[in-house]
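Lettering of chains follows the sequences in order, A, B, ..., and the numbering in each one begins at 1. All values reported here derive from a predicted model rather than from experimental measurement.
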Protein chains: 2
Amino acid sequence: MPHRKPDKVAQLQKYIASHGLKWTSQRSVIVNRFFAPPHRHYRLEEILEKCRREDASISYATVYRTLIMLVEAGMAYQRHFGKGQSLFEPSGSHHHDHLICTDCGAIVEFENQTIEKIQEMVVKKHGFKLTHHKMELYGLCAKCQKK
Amino acid sequence: MPHRKPDKVAQLQKYIASHGLKWTSQRSVIVNRFFAPPHRHYRLEEILEKCRREDASISYATVYRTLIMLVEAGMAYQRHFGKGQSLFEPSGSHHHDHLICTDCGAIVEFENQTIEKIQEMVVKKHGFKLTHHKMELYGLCAKCQKK
DNA sequence: TTGAAATTGAAAACCACTTTCAAAAAGACC
DNA sequence: GGTCTTTTTGAAAGTGGTTTTCAATTTCAA
Ligand SMILES: [Mn+2]
Ligand SMILES: [Mn+2]
Ligand SMILES: [Zn+2]
Ligand SMILES: [Zn+2]
């Protein structure tokens, strides 16, 4: 199992250098946590809590700003499931959509090429040029159905 | 072209009567505006503004409460496109998804049975029980591509 | 080592709702 | 009609998740 955290950190350092930004101890803690396996969808507060175990003085604002920076660098996605807090996830190599349990919050990722193709057809039929899409399926996971 | 506003108003009056609620002049103004053709996706502020042309004293809170009531009565949907304000639309007979121009905000509705069927398959494969879904395609409409 | 520029934590501001509350309106029953 | 209980209203305050401000601190190129 590849442990790709160092790659991600190096990639961000390159981004930071090329944009006149600065590498700080706080950013190091935050991005190392964020890119540590397993791949997950994190609430900001969740990352903040983890980071504070390593550096108790890290602020909400710094975690917020760092995650936004990752999104701007193309290294993270900010998702808005439902209407509560947004979730951040490391951006990976391939696109995927989400299946979300409305009871326990479990998130399953899936990919379906047929749906993607049909989307393209729908868009073309209406004369649009597609930039991105959002597809979320909400329901009860197997566990929650039994309760 | 059928002008179905009176039906909707009558339907809401029946709902109101059967729930021990009261019909008011404000509710009359608001629902008549909301159900007046053409079918649209409205921001709350947009409806408020229209209603105030008819009754300048109508408040934000009353429009808000009336729209929520319509949603609870099953006569409107509240949509959360992007991250800003939510949009309300009269609920119609059949399900549809949305194609949204990121430049001018134009919204096109579409329906695709194949996508709906594949969604069911994806859900079943992961052992979920689907309750609802969200599918939005974002891009540039024909007009905005020319600019 | 210096110093301009970026970053930080704390706190305030922002924004889209959502709720509270006292006064007004609705409508069921005379 | 009038009476009375309940619901609704507008104004204002409260909420929650972000987003910005600002003075002090840190980074890092020179
Ligand atoms: Mn994901
Ligand atoms: Mn619609
Ligand atoms: Zn579940
Ligand atoms: Zn457009």
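- Residues Met75(B) and Phe34(B) are not in side-chain contact: their nearest non-hydrogen atoms beyond the backbone lie 4.5 Å or more apart.
- Side chain of Ser91(A) to main chain of Gly74(A): a donor-acceptor pair is present (N/O by atom type, distance under 3.5 Å, no hydrogens or angles).
- In summary, Arg53(A) and Glu49(A) engage in a salt bridge, as defined by a charged side-chain N under 4.0 Å from a carboxylate O.
- For the pair Ile58(A) CD1 and dA10(C) C1', the computed distance is 15 Å after rounding to whole Å.
- Note: His126(B) and Phe110(A) have tilted aromatic rings, judged against thresholds of 30 and 60 degrees for the angle between ring planes.
- Per the geometry, CD1 belonging to Ile47(A) stands 12 Å off P belonging to dT18(D), to the nearest Å.
- On a pure distance criterion of 3.5 Å, a polar donor-acceptor pair joins the side chain of Lys22(B) and the base of dA26(C).
- There is no path of hydrophobic side-chain contacts, each under 4.5 Å, that joins Met69(B) to Leu87(B).
- The nearest whole Å value for the distance from the CD1 atom in Ile16(B) to the P atom in dT6(D) is 19 Å.
- dA11(D) atom C1' lies 11 Å from atom CZ of Arg52(B), rounded to whole Å.
- Within the structure, every side-chain polar atom (N or O) of Ser25(B) is placed at least 4.0 Å from both OP1 and OP2 of dA25(C).
- Atom-to-atom, CD of Gln13(A) to C1' of dT7(C) comes out at 16 Å; the value is rounded to the nearest Å.
- Residue Gln26(B) places at least one side-chain N or O closer than 4.0 Å to OP1 or OP2 of dG10(D).
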Readout for nucleotides 13-19 of chain C: B = base within 4.0 Å of protein heavy atom, S = sugar-phosphate only, - = neither; 5' to 3' it is ---SBBB

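- For the pair Ser57(A) and Gly20(A), both in contact range of DNA chain C, the more 5′-proximal nearest nucleotide belongs to Gly20(A).
- Counting all heavy atoms, side chain and backbone alike, Arg40(A) lies closest to Tyr42(A) at CB-CZ, 3.6 Å.
- Leu21(A) places its CG atom 12 Å from the P atom of dA29(D), with the value rounded to the nearest Å.
- His41(B) and Phe81(B) have tilted rings, their planes meeting at an angle from 30° to 60° on a 0 to 90° scale.
- One can place CZ of Arg27(A) at 10 Å from C1' of dT27(D), the figure rounded to the nearest angstrom.
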